[in-house]
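What follows is a set of notes on a single structure, which appears directly below.
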There are 2 protein chains.
Amino acid sequence: MPPTVRERVRAELTAEITAAARRQLAEVGAAALSLRAVAREVGMASSAVYRYFASRDDLLTRLIIDGYDALGAAAEDADDPDAPPRERWLAVCRAVRSWGRAHPHEYALLYGSPVPGYAAPRDTVPAAARVGVVLGRILGDAARGGALPEALGGDRDPELVSDETAAVLGGEHAALDDAVRLRALLAWSSVYGTISFELFGHLVGSVTDTDRYFDLAMGELAGLVGL
Amino acid sequence: MPPTVRERVRAELTAEITAAARRQLAEVGAAALSLRAVAREVGMASSAVYRYFASRDDLLTRLIIDGYDALGAAAEDADDPDAPPRERWLAVCRAVRSWGRAHPHEYALLYGSPVPGYAAPRDTVPAAARVGVVLGRILGDAARGGALPEALGGDRDPELVSDETAAVLGGEHAALDDAVRLRALLAWSSVYGTISFELFGHLVGSVTDTDRYFDLAMGELAGLVGL
DNA sequence: CGCAGCCGAGAGCGCTGCTCTCGACAACGC
DNA sequence: GCGTTGTCGAGAGCAGCGCTCTCGGCTGCG
């Protein structure tokens, strides 16, 4: 049956609250995001917001999921399946960095210090995996196309990287070499480390041309995973 | 002239406050660190603490500097100048990870989302550089010993990595190849990314044996920089 | 039409960072 | 030795926060 008017209004108001919260987040960051300020912007009493989000952390969790989804979508959009693997890798890395530079506070919320208690709610996992899926599909396609050396000479170490993650990282090409699994995970950590260092200010004064530095670094990482 | 009684007492009280703050930080994290709670623990009125630290951010800055120093000291202690370069590299990386696992909230304060406004105070820079200096000394020693390939085949790109940073990264061996400078910086970012992914929970469910994963990953990075 | 359930508003609790004022005490010059 | 000056701790207070509870009004269902 169609949604009742009540449900529609409720959904719209929920969206309006999250939109206001996202604006607040972009302006002042997650630490200073105030539920009362969001309520003021939407134009209702702070207590009324609690009809829609049980707590400030719940609202933040909503923003985290949305952030992962937006970042994942940016990565997916940047991937052209017909391009050569190395180009695909570089394009997706650049897209992730661009998104981070455009939304520094959101990026910090996703990949910075975990703000709430210390537990990432389970709901965030699928959304968080999207970027990994994109990078993994590139590796899997490259492996299927024979562009990836099957044995890189690393130690065999089955089960170090769990099968489910390996499946993600390798797309449908589940039989990726153990060493490739390891390097793929390391490469993704390194992409994240590089972008975070730049966004969090650890590179100021060290690198003059951050664009060029990033491209060269991502090229090195592409070489590391065999692309 | 010797410090007056007043100065001595003031220094002691300052130390007592920072110690209490460090305990609070270790327990509840930077976001929940409350100046009033620190004052309660020390046993004085909250307003009195402002005689010693102008603001909560000032207190946090003190903790940041202390954290960088403690981490830097741990890295320096772990470095045995007589060991082969690759072993030195691995030992320092392990020490950084161990420190992070032992002090997760401090680590998050140093390398997570920047909490205050967005500007890392200038005072933190020298302390923050200590780990980089240690890693750089290893590379410099290796290069001086001929253990590092002079040309790795990367594009020449002078001035990408600023000279002062290159001097740090290469120890006194200032003439490190441009490609080595780039890879050294990338490697340090990757070490940070790997540790942060683990501490911030982005690897849960993906890696079964985090100790072994870390060692293998650091080995890959050592290979990347030429060790 | 009447009733149950949802919803917004307001008041209020305990907490926070921070400021101001005031009384007490130590350090210095005479 | 004594007064002056500057420092210090304590208390009260302000504005803001997350969150709870209660109450009155409105909506949708029977």
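Proteins get letters first, then strands, A, B, ... in listed order; numbering begins at 1 in each.
With respect to Asp141(B) and Arg137(B), no salt bridge is recorded, no charged nitrogen being found less than 4.0 Å from a carboxylate O.
Side chain of Ala48(B), nearest nucleotide from dA10(D), dT16(C), dT20(D): dA10(D).
Residue-level contact check: Leu59(B) touches neither bases nor backbone, having no heavy atom under 4.0 Å from any strand.
Side-chain contact, Thr194(B) with Tyr213(B): no donor N or O sits under 3.5 Å from an acceptor N or O.
A sub-4.0 Å separation between OP1 or OP2 of dG9(D) and a side-chain N or O of Tyr52(B) is present. Between dT16(C) and Arg56(B), no contact under 4.0 Å exists linking OP1 or OP2 to a side-chain N or O.
Using the six-membered ring where Trp is involved, Trp188(B) and Tyr111(B) have ring planes that are perpendicular, over 60° apart on the 30 and 60° scheme.
When rounded to the nearest whole Å, the span between CG of Asp57(A) and P of dG18(D) equals 10 Å. At whole-Å resolution of the value, CD1 in Ile17(A) and C1' in dG18(D) are 15 Å apart. If you measure from atom CD of Gln24(A) to atom P of dG16(D), you get 14 Å, rounded to the nearest angstrom. Counting to the nearest Å, the P atom of dC8(D) and the CD atom of Glu12(B) are 14 Å from each other. Residue Met44(B) contributes atom CE, which lies 16 Å from atom C1' of dC25(C) at whole-angstrom precision. Spacing between atom OH of Tyr50(A) and atom P of dA11(C) amounts to 18 Å, rounded to whole angstrom units. Rounded to whole Å, the distance from CG on Leu35(B) to P on dC15(C) is 16 Å. Atom CZ in Arg8(B) sits roughly 14 Å away from atom P in dA26(C) (whole-Å rounding).
Residues Leu13(B) and Arg51(B) have side chains not in contact (no heavy-atom distance under 4.5 Å, counting atoms from C-beta outward). Side-chain atoms of Val225(A) and Leu186(A), non-hydrogen and from C-beta on, never get closer than 4.5 Å to each other. Under the 4.5 Å side-chain criterion, counting only non-hydrogen atoms from C-beta, Arg130(A) is not in contact with Leu71(A). Between Val38(A) and Glu16(A), the closest side-chain pair of non-hydrogen atoms is not below 4.5 Å.
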Atom pairs under 3.5 Å, N or O on each side, protein against nucleotides 21-26 of chain D: can you list them with distances?
none

N/O contacts under 3.5 Å, protein versus nucleotides 12-14 of chain C?
none

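Evaluation of the salt bridge (charged side-chain N to carboxylate O under 4.0 Å, His left out) rule for Asp79(A) yields Arg88(A) as partners, not counting sequence neighbours.
Residue Ser34(B) comes nearest to Gln24(B) through the heavy atom pair N-OE1, 3.8 Å, listed as atom of the first residue, atom of the second, then distance.
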